[in-house]
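Everything below concerns the one structure shown next.
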Amino acid sequence: MIFSGTVENLETWKKKLLYMNNVRPTLNMRALFSDVTEEYREPAEPMAGDTVKIRLRTGRFNVDKAYIYINNVEYPMTKVRGEQIFDYYEAQIEVTTEKLFYYFKVESGKVVCYYNQIGPTKDLNPYYNFQIMPGFKTPKWAKGAVMYQIFVDRFCDGDKTNNVLDDEYSYIGEHVCQVKDWNKYPNKDGIREFYGGDLKGVLDKLDYLCDLGIDVIYFNPLFVSPSNHKYDIQDYDYIDPHFGVIISDKGDILNDGDQDNTHATRYIDRVTNRENLEASNKFFAHVVEEAHKRGIKVIIDGVFNHCGSFNKWLDRERIYSASNEQYEAGAYEKYESPYHSFFKFYSNQWPNNASYDGWWGHDTLPKLNYEESDSLEEYILRIAKKWVSPPYNVDGWRLDVAADLGNSAEYNHNFWRKFREVVKEANPEAIILAENYGDSYDWLQGDQWDTIMNYDAFMEPVTWFLTGMEKHSDESRPDSLGNPDYFFGAMHHNMSRMGGQTYAISMNELSNHDHSRFLTRTNRVVGRTNNLGPEAADRDVNKAVFMEGVVIQMTWPGAPTIYYGDEAGVCGFTDPDNRRTYPWGHEDKQLIDFHKDIIKIHKENEVLKTGSYKQLYSAPNVISYGRFNSNDAVIVVVNNGEDEVRARIPAWEIGLGLDDDVEQIIVTYEGGYTTSRQGYHLKDGWLDIGLRKTSAIVLRRMKW
């Protein structure tokens, strides 16, 4: 190179040359992005034989080469388009019947970086690689659907004639009772008390649920059962007439001190008389039909790991043998019972053989003996099909303690494969949603469950970050309170183990029937109703923290699920206190209005239901993340601290332009919330924003 010019120009040229010779490309890892939404994997849920386009986003002019590794085989990616801030690379792959694992590699000069579900990394961990499960289809209606969980006995009493009576029968050594005061706290051992909620009450409140914005009702168990929670099924073929319709109501209640349920002839007639059972099933079909007319789906609870000692197959209480109807002999009574193989017996002492296997040793919860009973498996699979088929047409199953079913992992997985086959054949759009704690990866491979109740990647991280409490209120851990590293670390690890398509329909709850109410967790009091009393669950709760939780719930990927009454301000320690009645006439109107507004925002912004997710910012007590697609972008910022703070959010990472405007669409704070609009201008793609204490704000791209 020949230089001509002044000495000053020579010095400038030397500096530029020195810079060019020594500069190293800086890889912008924050610009790297891919997931399994339609914009980055098309189709997102491919079938065998499909050609799939997989895309990777990088910084504009920031990457020299991009590769995709499919089952560890390298394929080059082609840059297909560029925008103001980003370039997009693409590769096409042919899907066979085999599962595919993939991740990305980018090169920028001598810098190499990998990308998988956990994000950009220098050291690849294949544990988090993306995967394609050919043929795994999840219900489209469930993506971002707003669900509402109803514990029926405590929601609304619409029919007084079907209420459980005082002394109607004996349950676990004591007579059941009818609660006359709807607003009474549940007793600490209140499994025998009934408030009278029923399906007629749900029917009466469908318009309330519509007004709230609900898309799906999830019912706790509805089948004939002696307890108020009904996780001890007595008859899988019928809705409990105490929830449904009682036409025949003959017989006597128990006398004082009498524990013999063969004398409980009123109860026997109510729950074994075919007239009542058929009428209750018909009424349930009507409730589902009315829900469907309003655009509301219905999910029911399947308790298939165990049944109850009252169950007609075992008939330990002799209810069915004492019935005027024709029922086969129970396995407790006779060795010759057709249901003998349904249970595992450890002795040959009949009649009254109490040596059967109980779940966790509970003789009131006989464990079902699938491995030794083909007829039991056939029966339950028939039940699985029955309720998702006409005339009931329910839209899916929630599966209780689903990982416990059977006595071996091999059988458990094989059963759920069969279960999925019969359910999806009967109703291809039905959802299969399981309860499980811990890693559910093995069940979420496209051949068993669709998704799970999301404890590990929602309820627990949100609870720890906002309250520092364990989900039962059994433990306080101050180191987790306001800890964004724990929050995002737990979220991202567990989200990646579920996979994107499963996560998009996961049941994201703050509260439910098994854990303390989230509003109670905000008081940070460790304990339960049996040692503190129920009133302690109501004291010193923090509605501002609760609203922060709801904002996260309604803006995070998945199906936000409200436990009945949470929207009305119901408190409670873990069960049975969390099963308080819905406070009709005493609702927290502000919280109900807030739920209506935040649900409306969730439903009106498609990006909050099906858009991509990305962490944006973290600091002590502060988290921020974005939801985005090619057309829209939403930023959520939560300040769970006691001080006002400022945050500088990299809005450009979710596709907002360097000079864009965003507007506040809702903000919560101590004392309330507002949906008033306020605009913010980005500077070089960054949002500089002040945050009130204990607040959450949702902003979206300005729509002119």
Side-chain angles (χ1 to χ4, degrees), residues 16-17 19-42 52-69 74-92 102-122 124 130 500 607 611-618 624-635 647-662 680-689 699-704:
K16 289 182 178 180
L17 184 62
Y19 171 77
M20 288 188 288
N21 287 337
N22 289 279
V23 73
R24 294 291 182 268
T26 301
L27 177 63
N28 187 351
M29 291 195 292
R30 299 287 298 186
L32 295 177
F33 187 80
S34 188
D35 64 11
V36 301
T37 62
E38 286 284 350
E39 297 202 353
Y40 291 91
R41 191 165 83 188
E42 183 185 1
V52 182
K53 296 179 181 179
I54 299 180
R55 302 182 184 96
L56 172 69
R57 190 190 79 180
T58 72
R60 185 74 163 141
F61 304 126
N62 188 236
V63 166
D64 297 325
K65 294 179 182 179
Y67 303 91
I68 185 170
Y69 284 73
E74 180 185 280
Y75 299 91
M77 301 185 76
T78 303
K79 184 161 69 172
V80 292
R81 78 175 193 272
E83 297 173 351
Q84 182 186 29
I85 303 176
F86 303 114
D87 287 329
Y88 293 85
Y89 287 78
E90 185 178 288
Q92 296 190 21
Y102 67 93
Y103 63 92
F104 304 96
K105 182 179 83 171
V106 296
E107 296 177 357
S108 181
K110 295 182 179 180
V111 177
V112 175
C113 181
Y114 299 97
Y115 190 95
N116 59 12
Q117 288 189 87
I118 210 69
T121 177
K122 293 293 183 67
L124 182 73
F130 293 99
V607 71
S612 296
Y613 154 85
K614 195 175 193 302
Q615 174 186 348
L616 295 178
Y617 176 87
S618 66
S624 177
Y625 54 90
R627 302 293 306 280
F628 60 103
N629 56 32
S630 58
N631 300 313
D632 205 358
V634 165
I635 297 171
R648 190 166 180 262
I649 312 296
W652 63 269
E653 292 185 21
I654 59 171
L656 287 162
L658 299 179
D659 201 39
D660 269 354
D661 293 298
V662 295
Y680 294 84
H681 183 70
L682 303 185
K683 184 177 181 181
D684 297 328
W686 291 78
L687 168 67
D688 192 298
I689 189 169
L699 310 104
R700 71 179 174 203
R701 172 181 279 146
M702 188 78 79
K703 297 180 180 180
W704 299 101

Query raised in the report: Side-chain contact, heavy-atom cut-off 4.5 Å: F33 with F86?
Result: no
Query raised in the report: Does the side chain to side chain contact (heavy atoms under 4.5 Å, CB included) test come out yes or no for V106 and V112, once each step is laid out?
Result: CA-CA 6 Å; V106 296; V112 175; over 6 Å; no
Query - Reported OG1-to-CG distance for the pair T58 and N28, which is rounded to 0.5 angstrom - result: 9.0 Å
**Report entry** Residue pairs passing the salt bridge (charged side-chain N to carboxylate O under 4.0 Å, His left out) test where at least one lies in residues 26-36, sequence neighbours excluded
**Finding:** R30-E653
Query - Donor-acceptor contact present, side-chain D632 to main-chain V607, <3.5 Å - result: no
Query raised in the report: Is H681 close to D688 at the side-chain level, that is, under 4.5 Å between some pair of heavy atoms?
Result: no
Query raised in the report: For I54 and M77, which heavy atoms make the closest approach, and how far apart are they?
Result: O-CE, 3.6 Å
Report task. Rounded to the nearest 0.5 Å, what's the gap from CG on L124 to CG on N116? Could you check? Result -> 5.5 Å
Query raised in the report: For the residue pair A91 and P76, what are the closest heavy atoms and their distance?
Result: CB-O, 4.4 Å
Report task. Inspect the contact between R701 and D660 and indicate whether a charged nitrogen and a carboxylate oxygen are less than 4.0 angstrom apart. Result -> yes
Query raised in the report: Does R627 make a cation-pi contact with Y613, if we ask for NZ or CZ under 6.0 Å from the ring centre and within 45° of the axis?
Result: no
Query raised in the report: Are the aromatic rings of Y89 and F104 close, with centres under 6.0 Å apart?
Result: no
Query raised in the report: Is there side-chain contact between L699 and L687, with at least one heavy-atom pair below 4.5 Å?
Result: yes
Query raised in the report: L656 versus I635: any side-chain heavy-atom pair under 4.5 Å?
Result: yes
Query raised in the report: E107 versus V63: any side-chain heavy-atom pair under 4.5 Å?
Result: no
Query - Residue pair Y114, Y69: steps toward the ring-ring contact (aromatic ring centres under 6.0 Å, His included) verdict - result: CA-CA 10 Å; Y114 299 97; Y69 284 73; 7.1 Å; no
Query raised in the report: Looking at R60 and D87, does any basic side-chain N land under 4.0 Å from a carboxylate oxygen?
Result: yes
Report task. For residues R700 and V634, determine if any side-chain heavy atom of one lies less than 4.5 Å from a side-chain heavy atom of the other. Result -> yes
Report task. Applying side chain to side chain contact (heavy atoms under 4.5 Å, CB included), run through W652 and W686 and close with a yes or a no. Result -> CA-CA 7 Å; W652 63 269; W686 291 78; 3.8 Å; yes
Query - Partners passing salt bridge (charged side-chain N to carboxylate O under 4.0 Å, His left out) against R55 (at least two apart in sequence or in another chain) - result: E42, E90
Report task. Walk me through it: do Y625 and K614 pass the test side chain to side chain contact (heavy atoms under 4.5 Å, CB included)? Result -> CA-CA 6 Å; Y625 54 90; K614 195 175 193 302; over 6 Å; no
Query raised in the report: Hey, do the aromatic rings of Y102 and Y75 have their centres closer than 6.0 Å?
Result: no
Query raised in the report: Is any side-chain heavy atom of S612 less than 4.5 Å from a side-chain heavy atom of N629?
Result: no
Query raised in the report: Has the side chain of S624 got a donor or acceptor atom that lies under 3.5 Å from a matching backbone atom of L616?
Result: no
Query - Taking every non-hydrogen atom, the tightest pair across A31 and G59 - result: CB-N, 3.4 Å
Query raised in the report: After noting the C-alpha distance and the side-chain angles of Y88 and E83, does the key distance pass the side chain to side chain contact (heavy atoms under 4.5 Å, CB included) rule?
Result: CA-CA 8 Å; Y88 293 85; E83 297 173 351; 3.5 Å; yes
**Report entry** Side-chain heavy-atom pair Y115, M29 within 4.5 angstrom cut-off
**Finding:** no
